[in-house]
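Note that the structure is predicted; figures quoted are calculated from it, not measured.
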Amino acid sequence: MAKNKVYRNDRSFRNELFNEQAIRSARDTFSSLFNLLPDPDTVLSKSGKSYDTYRALLNDSHVFSVVEQRTAGTKSLLWQLNQNEADDNVHEVIQTALESIDVYQLIRQILNAVLFGFVPIEIVWQLENGIITPLRLSEKPQEWFGFNQEGKLVYLPQSSSAAGGAETADYKFLLVQNNPTYANPYGDKALSRCFWPVSFKRGGMKFWVQFMERYGTPWLIGKQPRTAGKEATDDLLNQLEMMFQDA
């Protein structure tokens, strides 16, 4: 016996299928009010710290060496532009544009997305021989930017940060994200996993130095003959005191 099939062709049903229903604005009143998504990173949100905290982690010798090793290994690889089905003149223009910029510096900037979650890279364009090509590309600080309800990158100048920032212009920024999700367009920050281990290591070294300063001072023992008088005893005590202050 065949089952009855029900077909709905009304407009409301098509809207349910073709439109997004589970959206942020329907869940988070605060975010929809300011049209800006908070960064869900636990280290930054719960401790009230900024991206400078993660940049300071690169001062750790072990973290720096691992990051530099990974960066150097990537930059040591060769790169090329494959023409595929593009026209010869288009391939030539793009090849010339890539050769006019520091590609390996751009690669280093892109790799920072793994460390900080995302990297906004601003493109400054130029008009040359009737063709618009990139003049330079520069990485910008993450704290200058955020993401709106649609997950789009917005610039946060001080004059408009409370209103949710200003959407970036098309073709103006390269946005590099490390494992972004709908809930977290800020990306996955590798340095967030280094924060506590490095903090504990620094705290342990500080505690050890304080411990050695307090308990590592040697005992000074002065000896003199039994026949020594009060003047000689006072002189010996003065010498011991001076040794304790200088040693």
Residue [X] excluded, over 12 heavy atoms near [atom1] under 6.0 Å:
X	atom1	result
Lys152	NZ	no
Arg136	CZ	no
His91	NE2	yes
Leu237	CG	yes
Gln105	CD	yes
Trp196	CH2	no
Tyr104	OH	yes

Drop me the distance from Asn129's CG to Gln126's CD, to the nearest 0.5 angstrom. 9.5 Å
Nearest 0.5 Å, please: how far is OG in Ser138 from CD1 in Ile121? 8.5 Å
Is a salt bridge present between Arg108 and Glu68, judged by a nitrogen-to-oxygen distance below 4.0 Å? yes
May I ask you to say whether Lys201 pairs ionically with Asp60, meaning some side-chain N is under 4.0 Å from a carboxylate O? yes
Main-chain N/O of [Y] paired with [X] side-chain donor or acceptor, under 3.5 Å:
X	Y	result
Gln142	Phe118	yes
Asp87	Asn89	no
Asn112	Leu115	no
Thr233	Gly229	yes
Ser192	Asp188	no
Gln83	Ala86	yes
Glu128	Thr133	no
Trp125	Tyr171	yes

Smallest separation among heavy atoms of [X] and [Y], with atom names:
X	Y	result
Leu57	Leu191	CD1-O, 3.4 Å
Pro134	Ile123	CB-CG2, 3.8 Å
Tyr54	Val43	OH-CB, 3.2 Å
Leu156	Gly146	CD1-N, 3.9 Å
Val119	Ala113	CG2-N, 3.2 Å
Pro40	Ala183	CG-O, 4.3 Å

What class does the angle between the rings of Phe145 and Tyr155 fall in, given that below 30° is parallel, 30 to 60° is tilted and above 60° is perpendicular? tilted
Just jot down the side-chain hydrogen bond (donor to acceptor under 3.5 Å, both in side chains) partners of Asp234, sequence neighbours excluded, or say none. Lys230
Are [X] and [Y] side-chain neighbours, meaning at least one heavy-atom pair lies under 4.5 Å?
X	Y	answer
Leu127	Ile131	no
Leu111	Ile107	yes
Leu153	Phe147	yes
Leu36	Val154	yes

Side-chain donor-acceptor pair present, Tyr186, Asn178, cut-off under 3.5 Å: no
Would you kindly say whether Asn82 and Gln80 are connected by a side-chain donor-acceptor distance under 3.5 Å? yes
Residue pair Lys172, Glu167: steps toward the salt bridge (charged side-chain N to carboxylate O under 4.0 Å, His left out) verdict: CA-CA 11 Å; Lys172 183 59 176 173; Glu167 288 193 16; over 6 Å; no
Residue pair Glu143, Lys49: steps toward the salt bridge (charged side-chain N to carboxylate O under 4.0 Å, His left out) verdict: CA-CA 11 Å; Glu143 54 266 35; Lys49 299 182 181 297; over 6 Å; no
Linking I/L/V/M/F/W/Y whenever any side-chain heavy atoms sit under 4.5 Å apart, do Val114 and Leu106 land together? no
With hydrophobic residues grouped by side-chain heavy-atom distances under 4.5 Å, do Val198 and Phe200 end up in a single group? yes
